[in-house]
Amino acid sequence: MNLAEPQKNFSLKAYNTFGIDQVAENFISVNHIDKLRETLLKYATKDLFVLGGGSNLLLTQDVPGLTLHINLKGKEIIDTYDAENCVLVKAMAGEVWHEFVLWSLENGLGGLENLSLIPGSVGAAPIQNIGAYGVELKDSFVRCDAVEIETGILKTFDKAACEFDYRHSVFKTKFKNKYIITAVYFCLTKQNHLLKTDYGTIQTELTLQGVENPTPSAISKAVISIRQQKLPDPKMIGNSGSFFKNPVVEKTIFQSLKEKYPDMPFYEVGDLVKIPAGWLIEQAGFKGKRFGDAGVHTKQALVLVNYGNAKGRDILALSDKIQQTVFKIFGIQLLPEVNIYP
Ligand code: FAD
Ligand code: NAP
């Protein structure tokens, strides 16, 4: 098999949704699993940067070594488990997430509709256990295949091995930079779909669209509509979605904050309380603010944006400023959700 030669000094501007113009010293896009493994064996794997759709990434400098763009394609129904309500579906890592969701809906399958219009690739979806509107990837995840970077050996991770949590998996801690996910398997429903319409404004949107008995496709349409109204399209304004995670605090801390800020929204998560980071940032006065070409989105303060020529370090400086101000006012440390390189 012929291996592609790396492209030298390759601009990553079109490969990250923030639109940051940093350069990969060497860049290879792989579309076949054997090529992926051979590339790992041929080139030094120490200085390796794995890239999917670049939609959860802030580049603050050029990338030395090899940038490997995962472009493995293919999606199929593996098993229809006739006696059960579950269909086992496999999608390769380089599939575009939203196109995969639409394909599953066209095949009459439920489970991914609330995760419609999330940018990025299938292979990156388990990394932070993508979530939206009360549904997370882990709810329909069965297993994933991943190549070990050091050895090129293909391994399988079941749900327990992935240690999924809120915007978190084992691939962000113990196995960070150790594996490349090559395929993800899902259990999707044929009927008796577990519909989730009570989150955010989904129900309001369904009512607006005149939907009385929602189907997975109707929920997907509602989610797409809400997202298009509220979130900046990276093709128009560079961004990486939510820049910070929503903080989750002890009840005692929450109660003293609530006394001081009675309007503060909150959601109970077991014994803890989640406070929307977007609200904290808005209260700190940042919503819609612009500092050169780096800014805070006008409709959702959790989204930092690049109005054109911001550098990664401009966005990082803004995020530092936001973290410091929020901490000063509320005593809450916001943690980035976006992967900051290096
Ligand atoms: P990249 O940005 O390319 O990579 C992210 C990380 O994963 C990097 O560390 C990279 O090294 C690693 N990685 C990528 N591919 C692989 C692989 N195959 N194997 C191993 N490691 C890999 N996220 C949500 O959870 N919910 C949302 O609702 C949501 N909405 C968004 C809306 C907008 C407008 C934008 C821009 C982003 C949003 N995101 C959301 C964030 C982002 O879309 C997801 O995190 C997505 O899964 C990132 O996929 P990607 O392919 O672009 O990953
Ligand atoms: P929103 O509806 O304005 O809500 C603000 C926050 O409140 C959300 O972050 C959400 O937390 C939380 N929330 C709302 N309803 C809730 C409920 N019933 N129970 C528990 N928590 C609730 O949020 P939005 O900005 O428009 O985003 C809508 C959904 O898309 C959210 O789930 C959000 O996570 C997801 N999204 C994610 C990204 C990203 O990059 N990660 C970008 C855009 C949108 P959660 O975030 O924990 O759900």
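Order of listing sets the numbers, starting from 1, for every ligand and every atom in it. These numbers come from a predicted model, not from an experiment.
Using a 4.0 Å threshold on non-hydrogen atoms, atom 4 (O) of ligand 2 does not count as touching the protein.
Of the protein's non-hydrogen atoms, the one nearest atom 36 (C) of ligand 1 is Gly241 N, 3.3 Å. From the protein, the heavy atom lying nearest to atom 23 (N) of ligand 1 is Gln128 NE2, 3.1 Å. In terms of protein heavy-atom proximity, atom 47 (O) of ligand 1 is closest to Ile130 CG2, 3.3 Å. Counting only heavy atoms of the protein, atom 39 (N) of ligand 1 lies nearest to Ile118 CG2, 4.2 Å. In terms of protein heavy atoms, atom 1 (P) of ligand 2 is closest to Lys230 NZ, 3.6 Å. With respect to atom 46 (O) of ligand 2, the closest heavy atom belonging to the protein is Asn246 ND2, 3.0 Å. For atom 40 (O) of ligand 2, the closest non-hydrogen atom of the protein is Ser242 N, 2.8 Å. Nearest protein heavy-atom neighbour of atom 27 (O) of ligand 2: Tyr133 OH, 4.3 Å. The protein heavy-atom contact nearest to atom 48 (C) of ligand 1 is Ser55 OG, 3.3 Å. Atom 12 (C) of ligand 2 has Tyr267 CE1, 3.4 Å as its closest protein atom, hydrogens excluded (heavy atom only). Counting protein heavy atoms only, atom 17 (C) of ligand 2 is closest to Tyr199 CE1, 3.2 Å. Among protein heavy atoms, atom 34 (O) of ligand 2 sits closest to Arg167 NH2, 2.7 Å. Residue, atom and distance of the protein heavy atom nearest to atom 15 (N) of ligand 1 are Ala124 CB, 3.8 Å. Protein heavy atom nearest atom 38 (C) of ligand 1, with residue, atom name and distance: Pro119 CD, 3.7 Å. Nearest to atom 25 (O) of ligand 2 among the protein's heavy atoms is Gln300 NE2, 2.4 Å. Counting only heavy atoms of the protein, atom 2 (O) of ligand 1 lies nearest to Asn56 N, 2.9 Å.
The aromatic rings of His69 and Tyr15 lie perpendicular to each other, with more than 60° between the two planes, well past the 30° mark. In this pair, Phe186 and Phe100 present their aromatic rings tilted. The plane angle is within the 30 to 60° band. Between Tyr179 and Phe171, the ring-plane angle classifies as perpendicular under the 30° and 60° cut-offs.
Residue contacts with ligand 1 for Val50 involve both N, CA, C or O and side-chain atoms from C-beta outward (heavy atoms, distance under 4.0 Å). At a heavy-atom cutoff of 4.0 Å, ligand 2 is contacted by no atom of Trp279, backbone or side chain. With a 4.0 Å cut-off on non-hydrogen atoms, Leu231 touches ligand 2 through its side chain and not its backbone.
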For this session: Verify side chain to side chain donor-acceptor pair (under 3.5 Å) between Ser225 and Glu205, making sure each step is shown before the conclusion.
Result: CA-CA 8 Å; Ser225 167; Glu205 186 64 31; 2.8 Å; yes
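On a distance-only criterion, Gln128 and ligand 2 share no N/O pair closer than 3.5 Å. At least one N or O atom of Gly54, backbone or side chain, sits closer than 3.5 Å to an N or O atom of ligand 1. Checked by distance only, ligand 1 and Thr17 stay at 3.5 Å or farther apart across all their nitrogen or oxygen atoms. Taking distance alone, with nitrogen or oxygen atoms compared against 3.5 Å, Leu51 stays at or beyond that limit from ligand 1. At under 3.5 Å, not a single nitrogen or oxygen of Ile70, backbone or side chain, sits near a nitrogen or oxygen of ligand 1. At least one N or O atom of Ile181 sits closer than 3.5 Å to an N or O atom of ligand 1.
Between Gly131 and Ile118, the shortest heavy-atom distance links the atoms O-CD1, 4.3 Å.
For Lys155 and Phe175, the positive end is not near the middle of the six-membered ring at less than 6.0 Å and at most 45° from its axis. Because its NZ or CZ atom is not both nearer than 6.0 Å to the ring centre of Phe141 and within 45° of the ring axis, Lys159 does not count as a cation-pi partner of that residue.
Residue contact check for ligand 1: Lys172 places no non-hydrogen atom closer than 4.0 Å to it. Residue contact check for ligand 1: Tyr179 places a non-hydrogen atom closer than 4.0 Å to it.
Cys86 has its SG atom within less than 2.5 Å of the SG atom of Cys187.
Using a 4.0 Å cut-off to heavy atoms of Pro276, the atoms of ligand 2 that qualify are 6 (C), 7 (O). If you number the atoms of ligand 2 from 1 as listed, the ones under 4.0 Å from a heavy atom of Glu337 come out as 39 (C), 40 (O), 41 (N). Residue-ligand proximity, Tyr166 to ligand 2, at heavy-atom distances under 4.0 Å covers atoms 47 (O). Remark: ligand 1 atoms within the under-4.0 Å shell around heavy atoms of Ser240 are 35 (C), 36 (C), 37 (C). Each of the following atoms of ligand 2 lies closer than 4.0 Å to a heavy atom of Gly241: 40 (O). Close approach of ligand 1 to Ala132 is summarised as follows: ligand atoms under 4.0 Å from at least one heavy atom of the residue are 28 (O).
Counting heavy atoms from C-beta outward, Glu113 and Ser217 have side chains that stay 4.5 Å or more apart.
The only member of Phe266, Phe254, Phe330 that meets ring-ring contact (aromatic ring centres under 6.0 Å, His included) when paired with Tyr261 is Phe330.
Here atom 34 (C) of ligand 1 lies nearest to Asn239 when heavy atoms of Leu36, Asn239, Leu231, Ile127 are compared. Between atom 29 (C) of ligand 1 and the options Lys176, His98, Arg227, the minimum heavy-atom separation is to Arg227.
Atoms OH and CD, on Tyr166 and Glu337 in that order, are 6.0 Å from each other to the nearest 0.5 Å.
Comment: Lys174 engages Glu163 in a salt bridge, judged by a side-chain N to carboxylate O separation of less than 4.0 angstrom.
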